[in-house]
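The block underneath contains the structure these notes are about, expressed in structure tokens.
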Amino acid sequence: MEALLEQIESYRQEMSSYQVANAENLEAFRIKFLGTKGIVKNVMAEMKNVPSERKKEFGQILNAFKIFAEERFETLKESLTSTSQQTYPDIDWSLPGDPIPVGTRHPLSIVRNQMASIFKRLGFAIAEGPEMEDDWHNFTALNLPENHPARDMQDTFYLNQNPDYLLRTHTSSVQARIMEKQKPPIRIICPGRVYRNETISARAHCFFHQLEGLYVDEHVSFADLKQTLYFFVQEMFGKDVKLRFRPSYFPFTEPSAEMDISCTVCGGHGCSLCKYTGWVEILGCGMVHPKMLDNFNIDSNKFTGFAFGMGVERICQLKFRVNDLRLYSQNDVRFLRQFTGAV
Ligand code: 2NL
């Protein structure tokens, strides 16, 4: 009897894996399993050999087997009719698909990403912060005295007075927030939008984009600053570009400098972009003022740092020859589409 059970199981498996591709295959299944001399009939005929005390048990097993075979036949039959009856609309599947319109990256994003990837290779991490700032992070912590003109109502968008909340005027506020939380070594860049109350023209806007950098550690020197910016300029504008530093003043750095590069348009010979000087200014920089380090409980006897800040619009102007700041925010697709293909 156990041999019969095994036999039934192997027939079940055979039926389960049986596939039909056409009506002939289906008929072959029917004849083999459900025909008058088929397997189901033969198995049912075994009933007469089952001892009487197991007849009830085997009656159920054999009956289930018969139902299984019949149902499998119906399933196979349906699979055949459903595929053979399926009709396809009259479509040429080899035609190319409808184009998916993909926008283009904004030129400022292209340049900002490129700048960030250069500094990332030097080990700078990207830091971000709020565009709404308080007086401490935007001015006081950065060594801007109470009566500094940048704090003037005329120059800064105040959201609230006393307590003072304003739209940040530089991304240095992000660096202030990092120094507040983190101890040296600190090596970050802060890209982001900043706001100043200016009359909009080709050369001035009420918002623009900055990328500032900050490196604080033991033994950081002005030589490190120069080499870092030298690498940046070579990667950004090419190996032939020269740099020069001019002494300058920023409240948060001492000493401070402005950095020029040889004009990328005329190669230094003189043109309208460089006003016939051969040089264009691209950034401000310096050694972090010790007072600032002390403001954040960073020991200024042990640690030194350098910082720099530049306008993304300015770099973009040099890279792509954009001569009007307003173009960046007017959303004119005739302007934006010219940057298709850049990453
Ligand atoms: C410019 C000049 C500069 C900085 C930004 C800075 C930030 C901290 C400490 C010290 Cl937290 N300095 N930033 C330093 C020098 C120049 O920006 O012309 N930006 C467009």
Side-chain angles (χ1 to χ4, degrees), residues 108 111-112 115 119 124-130 133-145 148-150 155-156 168-196 198 203-205 207-217 220-222 224-226 228-229 232-233 243 245-261 279-298 300 303-318 325:
L108 291 175
V111 169
R112 185 252 283 123
M115 292 162 80
F119 286 111
F124 285 81
I126 294 175
E128 290 183 321
E133 266 301 359
D134 48 38
D135 174 271
W136 167 254
H137 293 100
N138 198 77
F139 294 131
T140 310
L142 302 174
N143 202 31
L144 267 96
H148 194 275
D155 295 331
T156 300
R168 68 182 180 195
T169 60
H170 42 207
T171 54
S172 312
S173 56
V174 182
Q175 289 158 301
R177 286 176 178 277
I178 296 288
M179 284 202 270
E180 212 165 46
K181 287 198 300 269
Q182 225 174 284
K183 291 298 144 225
I186 294 170
R187 202 193 278 141
I188 50 165
I189 52 166
C190 307
R193 182 173 287 184
V194 300
Y195 300 82
R196 289 182 195 175
E198 305 241 15
R203 266 170 286 275
H205 210 291
F207 63 76
F208 59 98
H209 299 79
Q210 272 195 328
L211 187 142
E212 288 198 37
L214 175 71
Y215 180 21
V216 182
D217 202 351
V220 174
S221 70
F222 203 93
D224 297 318
L225 169 63
K226 283 180 91 169
T228 301
L229 295 176
F232 168 73
V233 167
L243 338 179
F245 289 80
R246 285 175 290 105
S248 184
Y249 171 79
F250 300 106
F252 21 71
T253 45
E254 182 59 37
S256 306
E258 276 163 301
M259 192 182 90
D260 302 337
I261 61 172
W279 297 95
V280 285
E281 183 188 326
I282 66 160
L283 58 82
C285 59
M287 301 305 292
V288 179
H289 200 294
K291 260 206 216 153
M292 255 202 80
L293 296 174
D294 294 334
N295 280 347
F296 298 105
N297 295 321
I298 295 171
S300 58
F303 295 104
T304 51
F306 69 66
F308 56 85
M310 57 189 132
V312 182
E313 279 81 350
R314 178 81 175 136
I315 306 296
C316 199
Q317 177 194 24
L318 294 175
L325 279 176

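Note that ligands are numbered from 1 as they come in the structure, with each ligand's atoms numbered from 1 the same way. Here the structure is a predicted model, which is why all the values come from computation and not from measurement.
The CZ atom of Arg112 lies 8.0 Å from the NE2 atom of His209; values are rounded to the nearest 0.5 Å. How far CZ of Arg314 is from CZ of Arg203: 10.5 Å, rounded to the nearest 0.5 Å. Residue Ile188 holds its CD1 atom at 13.0 Å from OH of Tyr215, rounded to the nearest 0.5 Å. Interatomic distance, CD1 of Ile298 versus OG1 of Thr304, reported as 11.0 Å (0.5 Å rounding). The distance from the CD atom of Glu313 to the NE2 atom of His205 is 8.5 Å, given to the nearest 0.5 Å.
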Lys291 vs Glu254, test: salt bridge (charged side-chain N to carboxylate O under 4.0 Å, His left out). Steps then yes/no. CA-CA 10 Å; Lys291 260 206 216 153; Glu254 182 59 37; over 6 Å; no

Under the criterion ring-ring contact (aromatic ring centres under 6.0 Å, His included), I'd like the reasoning laid out for Phe250 against His170: C-alpha separation, chi angles, the key distance, then a yes or no. CA-CA 13 Å; Phe250 300 106; His170 42 207; over 10 Å; no

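In this structure, the protein non-hydrogen atom closest to atom 17 (O) of ligand 1 is Gly309 CA, 3.4 Å. What sits closest to atom 11 (Cl) of ligand 1 on the protein, heavy atoms only, is Gln175 CB, 3.2 Å. Ranking protein heavy atoms by distance to atom 9 (C) of ligand 1, first place goes to Met292 SD, 3.4 Å. Given atom 6 (C) of ligand 1, the protein heavy atom at minimum distance is Ala307 CB, 3.4 Å.
Which parts of ligand 1 touch Met179 is read off a 4.0 Å heavy-atom cut-off, strictly below it: atoms 11 (Cl). Set against the non-hydrogen atoms of Glu212, the atoms of ligand 1 under 4.0 Å away are 4 (C), 5 (C), 6 (C), 7 (C), 13 (N). Ligand 1 places these atoms under 4.0 Å from at least one heavy atom of Gln210: 19 (N), 20 (C).
The shortest heavy-atom distance from Thr253 to ligand 1 is under 4.0 Å.
Backbone and side-chain nitrogen or oxygen atoms of Val288 are examined, and none is located within less than 3.5 angstrom of a nitrogen or oxygen of ligand 1.
Counting heavy atoms under 4.0 Å from ligand 1, residue Phe250 touches it through the side chain alone. At a 4.0 Å heavy-atom cut-off, ligand 1 does not touch Ser256 at all.
In this pair, Phe119 and Phe232 present their aromatic rings parallel. The plane angle is below 30°, not in the 30 to 60° band.
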